[in-house]
*Asks:* 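Handing you this structure, nothing more for now.
Every chain is numbered from 1, with letters handed out A, B, ... down the list of sequences.
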Amino acid sequence: MPLPARAVFTDWQAHSSLESILSECKSLLEDMTFPTVRAWRAQGGKVLGHFQVYFPEELAFAAGMLPFKIRGAPLEARHADSHFGSYLCSILKTSLELALSDRVLLDMFVSHPICDAARNLAAIWGRNRDYGCQILYLPQNANSTHASSYLHNEYRRLLDEIEQVTGSTIADDDLRTAITVFNENRSLLRRLYAIKRTTPWLLSVDQAYVLTTIGGLIPRPEHNRLLQTVLPLIAAGESKSKDKIRVVFEGGFCEQPPLELLQTIGRYCYVVDDDLMIGLRWLTEDVPTTGDPLSNLAEAYLNASAYSPVQHDARKPKEHMLLARIRDADADAAIITAAKMCEPGLEEQVAYTFALNQQRIPFFVSEFEENMTSFEQLEIQLETFAENIMFD
Amino acid sequence: MTQLQTVENLVGRGNTEGADLFRAWFTELEQTAATGGHAAYVFVMGSMAEILRTFEIPMVFPEINSLQTAIRRVAHQFLNEAEDYGYSPDICGYVKADVALQLRQGDHPMGKVPRPTVAVLTNACNTYVKWAEIWERMYQIPCFVLDVPGTRDIRSQSHPGDPSFENDRLYVEAQIKELINLCEQLTGRKFDIDRLREVLGHANRMNKAWQRVIDLNRTQPSVFNALTDGTIYLGVSNSFRGSSEGSRYFERLQEEMEYKSSQRIGTLTNEQYRLVFVGVPCYPIFRRFNEFFTEWNGTFVNSTYLWFASGGANRAFEYDLTRPLASLSEGTLLSVRDAMDSMFHQDRAVLEIAETFNIDGVVFHPIKSCRTVSTGLADGRRALMSARDIPSLFIESDMMDRRVVSEAQLKNRIDAFFEGLASRRLQQSAKS
Ligand code: SF4
Ligand code: SF4
């Protein structure tokens, strides 16, 4: 199926300064009418919405669909609230709200059994929307010798479902083309994160977040063009290094902290690495473009990937992975957050803080909600935390 | 034998024998704790008892240990200890009670619980995985995640013979073989396929009787209370799965229920309202919670809990002993998938029950601790209400944490529900 021809996000192209481009990107990210999805649909394009954390977007792209990353939204769940009980994280409710309020029209929804709450989402979504609502069962026994071939076939099954939505057949070469596009995207994002690590004064945590996250709202070739344009602009920046502590931010793998929270952190810290929207950066190396594309994607998911509290892999104890992330980024400290009511995030916090204590790495623990609006308290605590480290 | 003697011998036998077996099981665990032998920590949805019993590895069910602290009204002490240790008030209470139990070196109100030497878990609940990671860190033991892919789409289902079912089954079979390898390494014993056949044979007998026991509650009056008696049966079903004691227990339980059914001996003397329970029981006030219903002559004739907390054994999958491993993988896949469906698609489970159990109402009981079971209940209730005219009650509390159990509020809501049922009945009889 051919992709819609016209770009859906062009506002940034009229600008040449980094600041203006970033401002356009931020506006897009905060626009709860999701104009890029609407523009895509207006051209006859179909949309596959996928819930956090990882989804092999190449499958949707190869079918000519727009893979749209569902990451909740800072809005009131007026329609969705009555579909849930209490004691739940916000992202579940606001994600469903996007669908029930028709802010986002989809042709297919895919979720993953990442946690107890989210694994209920496909059934709830399916009971309330007519389009296909699928669960992609990514293997939860990543250590089984059979996991890779199982996942290959699971991808094949999902591809069949996607083909039914688009009415077209996806050839291996379509998948290889998609992998090439996404490899480029991942490589550009790696460069973006390298800037954060090496010269964090050139790119604040919220700016990097905006640039990364809009990848889930626009076709990847457009995201690639945007990143290709901004990366040299960022590298040529003239900001000077300030006296700020270098931290790793952990806890942004699913529900997203408000941009203002990131800005608050950025005032006191250089966030030199993080797990924000880790699903978009899950695969850590280029996926081979020769051979069987689905096997390559499956292998990459299992063997060349990041970590998160919602994946168990005996080879990747999460606290060890966090310590490695801190070491690799040459960070002084860690900010360990979790979304309110997020079972896996809250459980992982305990393991993380124990490991950090053992290693005598300073850390700051907090909880957040995508809808939170008050940051004064956090700001005071962060300031004290940062000062304590700097003047220790 | 006079009828009176028969009644004396049979009625209530399942509960007495169940309690005895449960105590015996715990005594065995105490012995393991004392001798320091192997202990596998497992979970009710997909315990893999079939394999572990083949290797004679004793099984510990941390979920059962935890709920017992609530029934014995000491859960709050355990929860507080885990929270002081660093765990959030907003996570599963079972996990926290177990963390405290481990910090207490296994000292449980029922006796000493052995330390794990291995953990075997499925993905039926994601918290199982997070929970096992705690033991992995505490004891550096192997944690085997048996990944059982579930239903992909509420509009369709794969079945044996379908390519996608076969993909899932092969994955499960490969993992079962890997689990066997792990057990061989741990115990130094060779896998004995004939012993597996024997265990599967017992599981078959248990499953068949369990399904029949549930079916017998269609009788009016119902022959057991799915909430209270059902919890005893579930305890035996999990801890004695694949054993001769377990299969014998369920066959005798079936005998009791057949008798009660034929003699119309109900669990209540004046059964007025037949209810279905959806969710997890309120263990901190277990007896009182049930009385809120029985005082109105209401009883639970079935529950989704009986389905999922038995790991889907209610579907009575019959293992084919001529091809044990292939059949075990198929049975595990179908049963655990079914257990998951009865949590995530509970509206369908209720509709299925409503077909044949002649029910008057449905009680949805989401709890703070368990998002696996609770997240979809409000929406499931909406779906049920639009599919069928069945009165329902939606009450929230917890299965562990009495801080979020408001007895007075629960009672008010339950009383109002029954008043509604009574007036509905009056209206219906006025119409007819
Ligand atoms: S924020 Fe946590 S609890 Fe909520 S859907 Fe994501 S992983 Fe699950
Ligand atoms: S979340 Fe629910 S199903 Fe999972 S361990 Fe806790 S109580 Fe059991």
*Asks:* For the pair B:R382 and A:S82, evaluate side-chain contact (heavy atoms from CB on, under 4.5 Å) and give the outcome as yes or no after the intermediate values.
*Replies:* CA-CA 9 Å; B:R382 289 170 70 115; A:S82 61; 2.7 Å; yes
*Asks:* Any side-chain heavy-atom pair from A:Y150 and B:D168 closer than 4.5 angstrom?
*Replies:*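 Sidechains of B:D168 and A:Y150: in contact.
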*Asks:* Hey, which of A:K318, A:E367, A:K340 has the most heavy atom pairs under 4.5 Å with chain B?
*Replies:*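 Of the candidates given, the most pairs with chain B belong to A:K318.
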*Asks:* Could you look at B:T127 and say if it's the side chain, the backbone, both or neither that has a heavy atom under 4.5 Å from chain A?
*Replies:*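 For B:T127, the contact with chain A is made by backbone and side chain together.
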*Asks:* Show every donor-acceptor pair shorter than 3.5 Å between a side-chain atom in residues 346-353 of chain A and any protein atom, with sequence neighbours excluded, or say none if there are none.
*Replies:*
unit_1 : atom_1 : unit_2 : atom_2 : d
A:E348 : OE1    : B:K130 : NZ     : 2.3
A:E348 : OE2    : B:R137 : NH2    : 2.7
A:Q349 : NE2    : A:I336 : O      : 3.1
A:Q349 : NE2    : A:S366 : O      : 3.1
A:Y352 : OH     : A:E250 : OE2    : 3.4
A:T353 : OG1    : A:Q349 : O      : 2.9
A:T353 : OG1    : A:V350 : O      : 3.0

*Asks:* Assess whether a salt bridge exists between B:D379 and A:R127, defined as any Lys/Arg side-chain N lying under 4.0 Å from an Asp/Glu carboxylate O.
*Replies:*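 Salt bridge flag = yes for A:R127 with B:D379.
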*Asks:* Between A:Y87 and B:V404, which heavy-atom pair has the shortest distance, and what is it?
*Replies:*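 It is OH-CG1, 3.9 Å.
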*Asks:* Hey, does the side chain of B:R155 reach the backbone of A:Y131 with a donor-acceptor pair shorter than 3.5 angstrom?
*Replies:*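 Indeed, once roles are kept as given, a pair shorter than 3.5 Å links the two residues.
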*Asks:* Select one option (side chain, backbone, both, neither) describing which atoms of B:I91 are under 4.5 Å from chain A's heavy atoms.
*Replies:*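 The answer is both parts of B:I91.
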*Asks:* Any side-chain heavy atom of B:R152 sitting closer than 4.5 Å to one from A:E154?
*Replies:*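 Yes - at least one pair of side-chain heavy atoms lies under 4.5 Å apart.
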*Asks:* Does a side chain donor of either B:S158 or A:R157 reach within less than 3.5 Å of an acceptor in the other side chain?
*Replies:*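 There is no such pair (donor and acceptor under 3.5 Å, judged by atom type) between the side chains of B:S158 and A:R157.
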*Asks:* State, with a plain yes or no, whether a side-chain heavy atom of A:R119 is found less than 4.5 Å away from one of B:N123.
*Replies:*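 The answer is yes; the side chains approach within 4.5 Å.
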*Asks:* Let's go through B:C125 and A:D116 carefully: what are the C-alpha distance in whole Å and the side-chain angles of both, what is the deciding distance for side-chain contact (heavy atoms from CB on, under 4.5 Å) to 0.1 Å, and is it a yes or a no?
*Replies:* CA-CA 6 Å; B:C125 165; A:D116 303 339; 3.6 Å; yes
*Asks:* Can you say whether B:F364 sits under 4.5 Å from chain A via the side chain, the backbone, both, or neither, judging by heavy atoms?
*Replies:*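 Nothing of B:F364, per the 4.5 Å heavy-atom cut-off to chain A.
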*Asks:* Which atoms of B:E136 come close to chain A, meaning under 4.5 Å heavy atom to heavy atom: side chain ones, backbone ones, both, or neither?
*Replies:*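 Answer is side chain: those atoms of B:E136 sit under 4.5 Å from chain A.
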*Asks:* Can the ring centroids of A:Y137 and B:Y171 be said to lie less than 6.0 angstrom from one another?
*Replies:*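 Here the rings of B:Y171 and A:Y137 have centres that are no less than 6.0 Å from each other.
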*Asks:* Among the options A:C342, A:G132, A:A338, A:P139, pick out the one with the most heavy-atom pairs lying under 4.5 Å from chain B.
*Replies:*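 When all of A:C342, A:G132, A:A338, A:P139 are compared, A:P139 has the most.
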*Asks:* Does any backbone or side-chain atom of A:L151 lie under 4.5 Å from a heavy atom of chain B? Answer side chain, backbone, both or neither.
*Replies:*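 Contact with chain B: none, neither part.
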*Asks:* Relative to chain B, which segment of A:S111 carries a heavy atom at a distance below 4.5 Å: side chain, backbone, both, or neither?
*Replies:*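 Neither part; nothing is under 4.5 Å.
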*Asks:* So what's closer than 4.5 Å to chain B heavy atoms on A:P317: side chain, backbone, both or neither?
*Replies:*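 For A:P317, neither part sits under 4.5 Å from chain B.
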*Asks:* Between A:H312 and B:E133, do the side chains contain a donor N or O and an acceptor N or O under 3.5 Å apart?
*Replies:*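 The answer is yes; a qualifying pair exists.
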*Asks:* For the side chain of A:N141 and the backbone of B:V145, is there at least one donor-acceptor N/O pair under 3.5 Å apart?
*Replies:*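 Yes, A:N141 side chain to B:V145 backbone: donor-acceptor pair under 3.5 Å.
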*Asks:* Are the side chains of A:Q140 and B:N126 in touch, meaning some heavy atoms are under 4.5 Å apart?
*Replies:*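 Result yes, sub-4.5 Å side-chain heavy-atom pair found.
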*Asks:* Heavy-atom distances under 4.5 Å only: say whether B:P149 touches chain A with side chain, backbone, both or neither.
*Replies:*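 Both backbone and side chain of B:P149 come within 4.5 Å of chain A.
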*Asks:* Less than 4.5 Å apart, any side-chain heavy atom of B:T151 and any of A:I135?
*Replies:*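 No, too far: nothing below the 4.5 Å cut-off.
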*Asks:* Considering only heavy atoms from C-beta outward, does the side chain of A:S86 approach that of B:E396 to under 4.5 Å?
*Replies:*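 When only atoms from C-beta onward are counted, B:E396 and A:S86 do touch, with a gap below 4.5 Å.
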*Asks:* Using non-hydrogen atoms only, which part of A:I114 is less than 4.5 Å away from chain B: side chain, backbone, both, or neither?
*Replies:*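 Backbone only.
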*Asks:* Please look at A:D160 and chain B and tell me whether the side chain, the backbone, both or neither of the residue comes under 4.5 angstrom of a heavy atom of that chain.
*Replies:*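 No part of A:D160 comes within 4.5 Å of chain B.
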*Asks:* Pairing donors with acceptors under 3.5 angstrom, does anything connect the side chains of A:S144 and B:E178?
*Replies:*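 The answer is yes; a qualifying pair exists.
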